[in-house]
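Report on one structure; see the data block that follows.
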Amino acid sequence: MMDKTYAPHDIESRWYAQWEENGYFEPQGGDSAYCIMIPPPNVTGSLHMGHAFQDTIMDALTRYHRMQGNNTLWQAGSDHAGIATQMVVERQLNAEGKTRHDLGREPFIERIWDWKEHSGNTISKQLRRMGSSLDWSRERFTMDEGLSKAVREVFVKLHEEGLIYRGKRLVNWDPKLHTAVSDLEVISQEEQGHMWHMRYPLADGSGDLVVATTRPETMLGDACVAVHSSDERYQHLIGKMIALPLCDREIPVIADDYVDPEFGTGCVKITPAHDFNDYEVGQRHAMPLINIFTIDACINENAPAAYRGMDRVAARKQIVSDLDALDLLVKVDDHKLMIPRGDRSGVIIEPLLTDQWFVKAKPLAEPAIEAVKSGKIKFVPENWDKTYYNWMNDIQDWCISRQIWWGHRIPAWYDAEGKVYVGRDEAEVRKKHQLANNVELNQDEDVLDTWFSSALWPFSTLGWPDKTPELDTFYPTSVLVTGFDIIFFWVARMIMMGLKFMDDVPFKEIYIHGLVRDAEGQKMSKSKGNVLDPIDLIDGISLQALVEKRTQGLMQPKMATKIEKDTRKHFPDGIPSFGTDALRFTFASLASTGRDIRFDLNRIEGNRNFCNKLWNATRYVLMNTEGEDTGLDDAPVELSLADRWIISRLQRTEANVIDCIDKYRFDLAAQSLYEFLWNEYCDWYLELSKPILLDESSNEQQKRGTRRTLIRVLETVLRLLHPLMPFITEEIWQQVAPLAGKSGDTIMLQPFPTPDDSRISADAEQEMQWVMDFVMGVRKIRGEMNIAPSKPLPVLLKNTSTDDQTRLKNNLLLLNKLARLASIDTLPTTDEAPQSAIALVGEMQILIPMAGLIDKSAELERLNKEIDKLEKELARITGKLANAGFVDKAPATVVENEKQKQQEISSKLNSLKQQIDKIASL
RNA sequence: AGGCGCGUAGCUCAGUUGGUUAGAGCGCAUCCUUGACAUGGAUGAGGUCGGUGGUUCGAAUCCACUCGUGCCUACCA
């Protein structure tokens, strides 16, 4: 016997290991393949709500397609996350008072591998807790030998084709991490700064001009001053020389239309080595590149001795004060400007001239744009294609070299003269370029951007560059499930690389999901202290532990007080254990396309209750079917109205669920299942089954029919629910399946239900609606008149049609039981009814004698309210039908509908008004 | 500056190509421990669909404008 209440923890701990050990997650064969590549999480990371949401969607799709008989693979794996991972380990070293340079490259990398071993399975353990049916037997890591081989192969091939090149360019330099980063790793945000107006004297002493800048310290690297070619104020200055203050240099005044005469003073100091726009201007006028910064963003030897060694902040202060002393500082204004910061380090990014490797993006982007335009790849929701085009059309070359140690080392070697050779390994390079063994070669010190290897993920995980059966079977994959934030970082690059090296798109659809926010709509972040750990929702956590977790290791420790306060306010009792299934069902029910989701504890609580409902419904079903005849052999059965009705409703639910999942509307699928199970199966069908199963007048065929329906409908619902709630459905299915005539070791590999139209019965649905209206009519009176549910009521019927009479006869038992009736009597039309409360089912009147039960004024009030509502509605419809425009132009069916409605309402009104007169007159 | 969203019940959200009285969950109110379930049951209250104007017989839905709000991209030194 099942426990009385649903206890998720017990049942969830049981199943996952069994599934995995039995190999159920591995592709099971079948004609059409279905494959999802997991967006590889950071190997040393841990599961957050965004992952949990994303994984729920992917697992639901995977389980659904697996049950549909597809050859299904959800590819598992993780990413080495270059900078992020290296930073973590460096921080550990710092805590020991060491730097990575104290260790040296090889030992440091060893140390990272150790750390990966130590923390690397945290996230895979968590994924398992979520019930994710990933094929762990094929798990990959971006630094695996196979995937590294793919990286080298791609690098060499692109280089051979001239699509990878090395060059000295201005790149985004992170002065803290000492590495270049790509455009995408720079976050620009508005910050308060200043605009300095500085006077530059002309070299011939004939006057001066004033430049405006937000970065006075870069003046040490100025190459010229630019004015607009048609700016009348400065025509006379063009071509003259300026004596650059504080520096022993002269620079020219040039004309360039890049300058906006309206902005600032109309004179722009140009520093080609430290600003992307200035770089362009400098190129146009063949200006020298004067680099004044070291890799730490300190002033270097190209600047006057007085400033050397100062960092950029100190240098700015000194320069401003020196200019002021020379009376060259005209004014300082407050000015808001966009400050670029490294997304990892948080420090201000410095445009710096360095040698880097780049991927030429344009030629790769063109086919990638076409793939989406032609519909070979579809975004869901569609409008994300605009974001994609927007970026792709204006794509810049991709800086792929990083000056860090953790990652794929660039397969390029230099000889003593600095000549570069690219190849898969050193031996290949020597052979290809006929370099003798005594020629010294040194491999490039840099590693590749992590996204370079992630871009190959859809095919490198399947064995590329080798030709493998997996590639044949699963590439292109079916759908990519991901967040909009990495469309540029990852999605676009996978498409480019996939088309280039596989000659086909990496996936046919891209499902873009929303961001998970907290209950107040705030983005969850460690620094805000509002993160939720999915595991804590599953297992529960005490307030104390939650506060500790949220206030530990903060960047700004002073936030701790506020975080603690907020946490105590939102979770006064901590978080109870809801279980994985409730969490997953909640994610699903919030997943309407694209929209961000606010995660509210009330929702997950409601869905935990839903699990409990399923649990208890099952208890009832098992109580009535275990050890009983559930119609497994061919013994005759008689299906009741309720049986035929619930079977019919089930078909519609199946069709709806399939339709919704196919459209990625997990919210609607979840709602459909929720409503069917709770509002139809539990609220009505289980109650309707009781009279048949418990009444001694029902025969064996009827009981058999109802038991069979009870168990089979439940078994089917379990399969429908399984992709969303894998654990509870498996647990229950094990007990239910044999009674429903199903065999198999797991629900995971059972076929997903398919609707059978022949089992949809409009008749049964209509008659059942009549029964429900009848019961609800009586309940309404009971509820509004405050009559105890336990009090059996006598009921009189008037105005019954022959249909009513038939239905009444068929369902007497059900009506008596569900509406708790003492008696049902039909009055001839001519008979006067006693003073009664009334409910209508079509034309039929249900009368409940008021004697001793119902207060006259209360009933009058109730009737008046009802009449009021109907009259308003009638006026609306009558007005509509009086409108010639409507009657002439609206489709006939719509008009007919309105007419019918009009009739029904006026007939209802009639009945109610008569009733009111009758009561009032007494 | 461009692009993309959002605004529907107290709260969180559905609402398919315009066409029943705009729905659900939670919350709220009243009543109820009848043997699946109080993590429950019954009944009920609550919305001029951000605003204005337009198209239409008919608009939450389509168009224009407007207010509020969020995100993304690019930026003027």
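Since the structure is predicted, the reported quantities are computational estimates derived from the model, not experimental observations. Order of the sequence lines sets the chain letters (A, B, ...), proteins ahead of strands, with each chain counted from 1.
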If I pick the C1' atom on B/A74 and the same atom on B/A64, what distance separates them, to the nearest angstrom?
28 Å
When rounded to the nearest Å, what value does the distance between P atoms of B/U39 and B/G46 take?
29 Å
Which is true for A/V887 with a 4.0 Å heavy-atom rule: it touches a base, it touches only sugar-phosphate, or it touches nothing?
nothing
When we call it a touch if two heavy atoms are under 4.0 Å apart, what does A/D683 touch: a base, just sugar-phosphate, or nothing?
sugar-phosphate
Enumerate the protein-to-nucleotides 18-20 of chain B contacts in which both atoms are nitrogen or oxygen and the separation is below 3.5 Å.
unit_1	atom_1	unit_2	atom_2	d
B/U20	O3'	A/K901	NZ	2.5

Check whether any side-chain heavy atom of A/L583 lies under 4.5 Å from a side-chain heavy atom of A/F578, and answer yes or no.
no
So what does A/S790 touch, heavy atoms closer than 4.0 Å: a base, only the sugar-phosphate, or nothing?
nothing
Is it the case that the side chains of A/D333 and A/H194 hold a donor-acceptor pair, with the cut-off being a distance below 3.5 Å and no angle test?
no
In RNA chain B, stems of three or more consecutive pairs, Watson-Crick or G-U, each with both distances under 3.5 Å, turn out to be B:1-7 with B:67-73, B:10-13 with B:23-26, B:28-32 with B:40-44, B:50-54 with B:62-66
Select base, sugar-phosphate, or nothing to describe what A/E382 touches, counting heavy atoms under 4.0 Å on all strands.
nothing
How are the rings of A/Y674 and A/F610 set to each other: parallel, tilted or perpendicular (split at 30° and 60°)?
parallel
Counting heavy atoms not belonging to A/K690, are there more than 12 under 6.0 Å from its NZ?
yes
Looking only at heavy atoms, the pair that brings A/S689 and A/L710 closest together is OG-CD2, 4.2 Å
What is the nucleic acid contact for A/C267, judged by heavy atoms within less than 4.0 Å: base, sugar-phosphate only, or nothing?
nothing
Can you tell me which nucleotide in B/U34, B/C37, B/C13 comes closest to the side chain of A/R619?
B/C37
Which one, B/A24, B/G3, B/A36, comes nearest to the side chain of A/N390?
B/G3
Examine B/G5: is either OP1 or OP2 under 4.0 Å from a nitrogen or oxygen in the side chain of A/N383? Give yes or no.
yes
Compute whether any side-chain donor of one residue and acceptor of the other, for A/S182 and A/E185, lie under 3.5 angstrom apart.
yes
Closest to the A/F484 side chain: B/U34, B/A77, B/C71?
B/C71
Counting the atoms with a prime plus P, OP1 and OP2 as sugar-phosphate, which does A/L686 contact under 4.0 Å by heavy atoms, base, sugar-phosphate, or nothing?
base
Phosphate oxygens OP1/OP2 of B/G15: is one of them under 4.0 Å from a side-chain N or O of A/R665?
yes
Does a distance-only test, which skips hydrogens and angles, find a donor-acceptor pair under 3.5 Å between the side chain of A/E784 and the base of B/A45?
no
Please check if the number of heavy atoms outside A/E191 that lie under 6.0 Å from its CD is greater than 12.
yes
Side-chain N or O of A/K4 closer than 4.0 Å to phosphate OP1/OP2 of B/A38:
yes
Can a donor-acceptor pair be found between the side chains of A/S589 and A/D667 at a distance below 3.5 Å?
no
In whole angstrom, give me the gap between the C1' atoms of B/U12 and B/U21.
25 Å
Output the rounded distance in Å from CZ (A/F488) to C1' (B/C72).
7 Å
With heavy atoms under 4.0 Å as the rule, sort A/R779 into base, sugar-phosphate or nothing.
sugar-phosphate
NA contact type, A/N602, heavy-atom cut-off 4.0 Å: base, sugar-phosphate, or nothing?
sugar-phosphate
Does A/N616 put a side-chain nitrogen or oxygen below 4.0 Å from OP1 or OP2 of B/G40?
no
So for A/K613 and B/C37, does any side-chain atom that can act as donor or acceptor lie under 3.5 Å from a complementary atom in the base?
yes
Can you check the distance between B/C4 and B/U48, where both ends of the measurement are the P atom (answer in whole Å)?
31 Å
Considering every strand and a 4.0 Å limit on heavy-atom distances, what is the contact class for A/K663: base, sugar-phosphate, or nothing?
nothing
What is the nucleic acid contact for A/F610, judged by heavy atoms within less than 4.0 Å: base, sugar-phosphate only, or nothing?
nothing
Have a look at A/R598 and say if it touches a base, only the backbone sugar-phosphate, or nothing, with a 4.0 Å heavy-atom cut-off.
sugar-phosphate
Applying a 4.0 Å non-hydrogen cut-off, can you work out what A/K690 is touching in the nucleic acid: base, sugar-phosphate, or nothing?
base
Considering every strand and a 4.0 Å limit on heavy-atom distances, what is the contact class for A/H335: base, sugar-phosphate, or nothing?
sugar-phosphate
Do any side-chain nitrogens or oxygens of A/W678 fall under 4.0 Å of OP1 or OP2 in B/G41?
yes
Length of the CG-P vector between A/D485 and B/C72, whole Å
9 Å
Any chance the side chains of A/T218 and A/K269 put a donor and an acceptor closer than 3.5 Å?
yes
Write down the distance separating the P atoms in B/G53 and B/A60, rounded off to the nearest Å.
14 Å
Nucleotide B/C75, atom P - distance to CG of A/D278 in whole Å:
13 Å
Separation of A/L622 atom CG from B/A36 atom C1', in whole Å?
10 Å
Carboxylate-amine/guanidinium proximity below 4.0 Å for A/R233 and A/D231:
yes
Ignoring hydrogens and geometry beyond distance, is the side chain of A/R782 in donor-acceptor contact with the base of B/U43 at under 3.5 Å?
no
If we take the P atom in both B/G7 and B/C49, what is their distance in whole Å?
14 Å
So, is A/S592 near the phosphate of B/C13, with a side-chain N or O under 4.0 Å from OP1 or OP2?
no
Separation of B/A14 P from A/E675 CD (nearest whole Å):
15 Å
Using the P atom as the reference point in each nucleotide, state the distance between B/G25 and B/C65 in Å, no decimals.
39 Å
Decide, yes or no, whether a salt bridge links A/E859 with A/R862 under the criterion of side-chain N to carboxylate O below 4.0 Å.
yes
Is there a donor-acceptor contact under 3.5 Å linking the side chains of A/D773 and A/Q769?
yes
Among B/G3, B/U73, B/U39, which is the nearest nucleotide to the side chain of A/K386?
B/G3
So what does A/R862 touch, heavy atoms closer than 4.0 Å: a base, only the sugar-phosphate, or nothing?
nothing
Among A/I395, A/N393, A/D394, which one satisfies side-chain contact (heavy atoms from CB on, under 4.5 Å) with A/W391?
A/I395
Does OP1 or OP2 of B/A14 have a side-chain N or O of A/R595 closer than 4.0 Å?
yes
Separation of B/U39 atom P from A/L614 atom CG, nearest Å, is 17 Å
If you find the nucleotide of RNA chain B closest to A/C682 and the one closest to A/T387, which residue's nucleotide is nearer the 5' end?
A/C682
Nearest-Å distance once atom P is located in both B/C6 and B/U61:
13 Å
Side-chain N or O of A/H197 less than 4.0 angstrom from OP1 or OP2 on B/A77?
no
Hey, can you pull the donor-acceptor pairs under 3.5 Å for the side chains in residues 381-390 of chain A, sequence neighbours left out?
unit_1	atom_1	unit_2	atom_2	d
A/Y388	OH	A/A368	O	2.7
A/Y389	OH	A/K373	N	3.2

Nearest listed nucleotide, side chain of A/E687, among B/G44, B/A24, B/C37
B/C37
Given RNA chain B, 5'-ward residue of the pair A/R603 and A/N612, judged by closest heavy atom
A/R603
